[in-house]
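Reminder, nothing fancy here: chain letters follow the sequence lines and each chain counts from 1.
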Amino acid sequence: MSTLTIYNTLTREKDEFKPLHEGMVGMYVCGPTVYSHSHIGHGKSYVSFDVIVRYLRFRGYKVLYVQNITDVGHLTDNADEGEDKLVKQARIDRVHPMQIAETITRSYFEDMDALGIVRPDISPRASGHIVEQIELIKRLLEKGLAYEVNGTVYFDVRKFAGYGKLSGRVVEEMVEGTRVEVRSEKRHPSDFALWKRADGGHIMRWASPWGDGYPGWHVECSAMSMKYLGETFDIHGGGMDNQFPHHECEIAQSEGATGHPFVRYWIHNNLVTVNGQKMSKSLGNFVTLKDAFTRHAPLVVRFFILQSHYRSTLDFSEEALQGARSGFDKLANTVRNVREELSRATAEDRAHGGVLDAGPYRMRFLEAMDDDFNTPQALAVLFDFATELNKLLNAEPRPSRATLEDALTVFDELGGTVLGIVPAASGAETGQASIEPGLVDLLLSVRTEARKQKLWSFSDMVRDGLKGLGVGLEDKKDGTTWRRTS
RNA sequence: GGCGCCGUACCCAAGUGGUAAGGGAGAGGUCUGCAAAACCUUUAUGCGGCGGUUCGAAUCCGCCCGGCGCCUCCA
């Protein structure tokens, strides 16, 4: 097996992956701020990290995957001023902020489940870890890396030498040209809030050594990741837009407090564009997943995402999604045909027949995934494999049972377990007891009889009618098969 | 202004020194009562442009053109 390499933002190159503890991986990914429904950008991000987790597990690592739910703390305009997003939405909807958080959290998991994303092992809520955040801030104050002003605690950026190492920024150079307004309270414009004083009407507030307030922008991720994964862990992921300042600040807080390296591999996925333009909350041009799912099956969206590399931007367009759908169908058809042929081969106890060695395809797939999770290339391997299998399925002698079994294993493991785009056999294929498949079969036998009598317009009527109901027919040499097409 | 990314066929998209993956769409063909599915052939002497390094460059270097991102929230 080749070695797994991961593009590490910290080193700016593909590093060989070696976990801190043999066989175990601690991984943290920045989760959503739950104040509005997830959009396709979230989809791309979490599908990408889902495949990374799946692949690591497939490769035999025991992965502990932690992804936070931010239900407090992020602000609307800049790091130090502005309104809490949850509070703002709550005011608009005239409900308690936690009601928004709860509703949106459910919505988020609903969408992620639809995309076939394996749930994180732990989904810690920021509001449930206020104590840990306060403890972290206390440690930073004790070490002299933070200071308090009027109930607000700031991180003193100039006291932490490593500030800027992730994003390649130099503190002194950042001041000029930025739009960060200098707040007189702060010792340096780049200092960021760890704890914020809650003014009069602020609903989300907690008691702290510095008075009533709420956690700053970045502490939750440091506090929660270290709580569950330890002070140094293997992988931290997130969107590229979080590289600075969010992740930079996380490093400063965590390493400042512990004195140890925080994260060994930083993984950043690229963003989604719509019509070539960045999709963002402030631009208001985002497409929610729920909206996308009304036009495209969730698995097609997942397939579409995996057709480009996680570090590339992905341009969302209806045309591209249509193309993805056709490609996805092609792969799904092949898997279905292999399953059907296998049940025939099993029934006739077919020991000999056409042969295709799955080994080379499996190897190429793993090599692609080992190369910084190159899912487009891995998919290309599955397509190559499908083409060869289709040839075999059309040829005489019929493929051997062993070949079909191997092929199915490849599809189930690589396409299913790793990429998550090959679902388990559907009800119709497994003969699930239901009246509907029985009725379709009955119609098909009637139509077959009609075709024997060359009653073409009659048989076409049945076919067209079923098509309208989302059942597609295929007349093959050894009989007619059907599948759901919508 | 500072830092960074990208530009590959009609569309999407891999490939980072060895002579252009894969998917979609189009054209032609095989099979079929017709479809559908599948298979075969075909569609970039060419990788934004111009130079340079090299036996050899889409891949490395320089300049230019075009698009985008971060430096304020965002995955």
J.: Hey, does the Lys NZ or Arg CZ of A/R187 hover above the aromatic six-ring of A/Y154, less than 6.0 Å from the centre and inside 45° of the axis?
T.: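 No, A/R187 and A/Y154 do not form such a contact.
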J.: Can you check the distance between B/G48 and B/A27, where both ends of the measurement are the P atom (answer in whole Å)?
T.: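 Roughly 29 Å separates the two P atoms.
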J.: Report the residue (A/F49 or A/S308) whose heavy-atom-nearest nucleotide on RNA chain B is the more 5′ of the two.
T.: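 So the residue in question is A/S308.
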J.: Starting at the 5' end of nucleotides 20-34 of chain B, put B wherever the base has a protein heavy atom under 4.0 Å, S where only the sugar-phosphate does, and a dash everywhere else.
T.: -BBSSS-------BB
J.: If only side-chain N and O atoms of A/T33 are considered, is one of them under 4.0 Å from the OP1 or OP2 phosphate oxygen of B/A75?
T.: yes
J.: Output the rounded distance in Å from NE2 (A/H309) to P (B/C12).
T.: 19 Å
J.: Would A/R106 and A/E110 pass as an ion pair if we require N to O under 4.0 Å?
T.: no
J.: Counting side-chain heavy atoms from C-beta on, which of B/G15, B/A75, B/C73 comes nearest to A/N242?
T.: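 Closest nucleotide among those given: B/A75.
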J.: Roughly, in whole Å, what's the span from CG in A/L473 to P in B/A37?
T.: 12 Å
J.: Please pick, from B/C12, B/A37, B/A75, the nucleotide with the shortest atom-to-atom distance to any side-chain atom of A/N333.
T.: B/A37
J.: Does A/N270 put a side-chain nitrogen or oxygen below 4.0 Å from OP1 or OP2 of B/A75?
T.: no
J.: Which nucleotide, B/A38, B/A14, B/C74, lies nearest any side-chain atom of A/H42?
T.: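 Among the listed nucleotides, the one closest to the side chain of A/H42 is B/C74.
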J.: Against the six-membered ring of A/F109, is A/R119 placed for a cation-pi contact (under 6.0 Å from the centre, within 45° of the normal)?
T.: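 Yes, A/R119 and A/F109 form such a contact.
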J.: Answer yes or no: is there an ion pair linking A/E102 with A/R125, defined by an N-O contact shorter than 4.0 Å?
T.: no
J.: If the P atom of B/G23 is compared with that of B/C39, how far apart are they to the nearest Å?
T.: 9 Å
J.: Measure centre to centre between the rings of A/F328 and A/F304, then say whether the value is under 6.0 Å.
T.: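 When the ring centroids of A/F328 and A/F304 are compared, they turn out to be at least 6.0 Å apart.
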J.: Are A/K391 and A/E388 within salt-bridge range, i.e. N to O under 4.0 Å?
T.: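 The answer is yes: the pair qualifies as a salt bridge.
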J.: When you check the phosphate oxygens OP1 and OP2 of B/C39, does a side-chain N or O of A/N390 lie under 4.0 Å from one of them?
T.: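 Yes, because at least one side-chain N or O of A/N390 sits under 4.0 Å from OP1 or OP2 of B/C39.
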J.: What's the CZ-P distance between A/F316 and B/C68, to the nearest Å?
T.: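 For the pair A/F316 CZ and B/C68 P, the rounded distance is 20 Å.
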J.: Give me the distance, rounded to whole Å, that separates B/G18 from B/C71 when you measure between the P atoms they each carry.
T.: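 It comes out at 37 Å once rounded to the nearest Å.
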J.: OP1, OP2 of B/G15 versus side-chain N and O of A/N374: anything below 4.0 Å?
T.: yes
J.: Please compare A/S167 and A/E388 by the position of their nearest nucleotide in RNA chain B and report the one closer to 5'.
T.: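 Mapping each residue to its closest nucleotide by heavy atoms, the 5'-most match is A/S167.
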J.: Measure centre to centre between the rings of A/Y46 and A/Y108, then say whether the value is under 6.0 Å.
T.: yes
